[in-house]
Amino acid sequence: MPSLGWRSRICKWGGVNILNPKKTEIGTNVVFDTMSPENITIEEGVIISTGCKIISHYLDPHTMTPEDRLANRYPVGHVLIKKNAFIGMGSMIIKPITIGENAILGAGSVVNQNIPDNEIWAGNPAKKIRTL
C-alpha cells in the first residue's frame, strides 16, 4: 500500500487527528497510542518513517498508585507534530510533547521533550544537533 495518503486515512479512521491525510506520509509498522489516539495531532506535510511509535500517555511515578496502573489510569497529554516535520525511522515519542514546524528527528531517537521549529534532533534521549 502506498504510504502517502492511504495509511494516514486509515490512522485518521482509527482516531488519530490527522489534519490533511492526503499530504501526510506514514510508513509501515507505525504505532499510535491506542488508549487515546484522539490526543495525537499531525499537521500537513509530516513524514513519519517506518517503525515509529507515538504515545500520548505516560507513567508518572510521583503521582500514580499501583491501583492506578492496574486499572490503566495513566496521565494523558497531547502530542502535536507540526507542519513538514520529519520523524526518522524507529523513533519513539514517549511523552506529551510538540515537535516543531520543519523539525527533523533522526532515526532511532527517543523524544521526551519539546522540539522547537527548524531544528534537527537525534539520540536517546534526543538532543539538539543543530538549527536549520
Side-chain angles (χ1 to χ4, degrees):
M1 168 186 335
S3 60
L4 185 59
W6 290 104
R7 285 194 188 100
S8 55
R9 285 183 193 139
I10 292 168
C11 292
K12 185 173 178 73
W13 293 333
V16 179
N17 186 17
I18 299 175
L19 301 185
N20 189 346
K22 290 181 180 178
K23 294 188 177 181
T24 302
E25 185 171 342
I26 297 176
T28 58
N29 300 320
V30 173
V31 175
F32 291 100
D33 192 334
T34 57
M35 286 179 69
S36 53
E38 68 280 356
N39 287 329
I40 300 169
T41 300
I42 301 171
E43 294 183 354
E44 120 178 356
V46 169
I47 297 173
I48 301 174
S49 301
T50 299
C52 293
K53 294 170 180 53
I54 301 172
I55 308 299
S56 62
H57 73 279
Y58 57 99
L59 181 112
D60 185 351
H62 302 292
T63 61
M64 289 187 66
T65 65
E67 293 80 26
D68 288 336
R69 283 183 285 218
L70 289 172
N72 283 329
R73 290 188 301 254
Y74 293 97
V76 175
H78 193 258
V79 174
L80 172 61
I81 304 175
K82 292 186 175 180
K83 286 183 180 180
N84 302 316
F86 176 86
I87 312 299
M89 181 173 165
S91 294
M92 294 191 318
I93 297 169
I94 57 171
K95 281 181 110 176
I97 54 104
T98 297
I99 296 179
E101 195 168 323
N102 302 312
I104 297 173
L105 184 59
S109 297
V110 177
V111 181
N112 61 7
Q113 62 184 317
N114 292 333
I115 297 177
D117 295 348
N118 303 306
E119 289 189 359
I120 300 172
W121 285 53
N124 180 5
K127 293 183 179 10
K128 180 180 175 181
I129 304 297
R130 71 180 181 100
T131 301
L132 293 173

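Side chains included, hydrogens not; waters and symmetry mates left out as well; all remaining heavy atoms used. Starting from 1, each residue takes its place in the sequence as its number.
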*Which pair of non-hydrogen atoms, one from Met35 and one from Pro37, has the smallest distance, and what is that distance?*
C-CD, 3.8 Å
_Separation between NZ of Lys82 and CG of Asn118, rounded to the nearest 0.5 Å_ = 10.5 Å
*Under the criterion side chain to side chain contact (heavy atoms under 4.5 Å, CB included), which of Pro125, Cys52, Ser91 is the partner of Ser109?*
Ser91
*Measure the shortest side-chain to side-chain distance between Ile115 and Ile97 over non-hydrogen atoms and say whether it is less than 4.5 angstrom.*
no
*Among the clusters formed by ILVMFWY side chains lying less than 4.5 Å apart, do Ile40 and Leu19 turn up in the same one?*
no
_Taking every non-hydrogen atom, the tightest pair across Thr28 and Arg7_ = CG2-NH2, 2.8 Å
_Nearest-0.5 Å distance that lies between atom CG in Leu80 and atom CD1 in Ile42_ = 9.5 Å
*Roughly how far apart are Thr24 OG1 and Ile47 CD1, rounded to 0.5 Å?*
9.5 Å
*Are side-chain heavy atoms of Asp33 and Val76 found at a separation under 4.5 Å?*
no
_Test item: Ser56 and Phe32 side chains (from C-beta on) under 4.5 Å apart, heavy atoms_ = no
*Give, for atom CH2 of Trp6 and atom NZ of Lys22, the distance between the pair rounded to the nearest 0.5 Å.*
9.5 Å
*Got a second to check how far Gln113's CD is from Lys128's NZ, nearest 0.5 Å?*
11.5 Å
*With sequence neighbours excluded, residues passing side-chain hydrogen bond (donor to acceptor under 3.5 Å, both in side chains) with Glu38*: none
*asked:* Here's a test for you: under side chain to side chain contact (heavy atoms under 4.5 Å, CB included), which of Ile55, Thr41, Thr98, Ile54 qualifies with Val79?
replied: Ile54
*Who pairs with Asp117 by side-chain hydrogen bond (donor to acceptor under 3.5 Å, both in side chains), at least two apart in sequence or on another chain?*
none
*Between Ala126 and Leu105, what is the shortest heavy-atom contact and its length?*
CB-CD1, 4.2 Å
*If Ile, Leu, Val, Met, Phe, Trp and Tyr residues are connected whenever their side-chain heavy atoms lie under 4.5 Å apart, and connections chain through other members, are Phe86 and Leu132 in the same group?*
yes
*asked:* Testing the basics here: between Ala103 and Ile99, what is the closest heavy-atom pair and its distance to 0.1 Å?
replied: CB-CG2, 3.9 Å
*Is the closest side-chain heavy-atom distance between Lys53 and Ile94 below 4.5 Å?*
no
*Is there a chain of hydrophobic side chains (I, L, V, M, F, W, Y, each step under 4.5 Å between heavy atoms) that links Val46 to Ile104?*
no
*Taking everything shown except Lys95 itself, do over 12 heavy atoms lie less than 6.0 Å from its NZ?*
no
*Taking the side chain as every heavy atom from C-beta outward, state whether Ile26 and Ile18 have any atom pair closer than 4.5 Å.*
yes
*Check Ser8 against Pro21 and note the closest heavy-atom contact, atom names and distance.*
OG-O, 2.7 Å
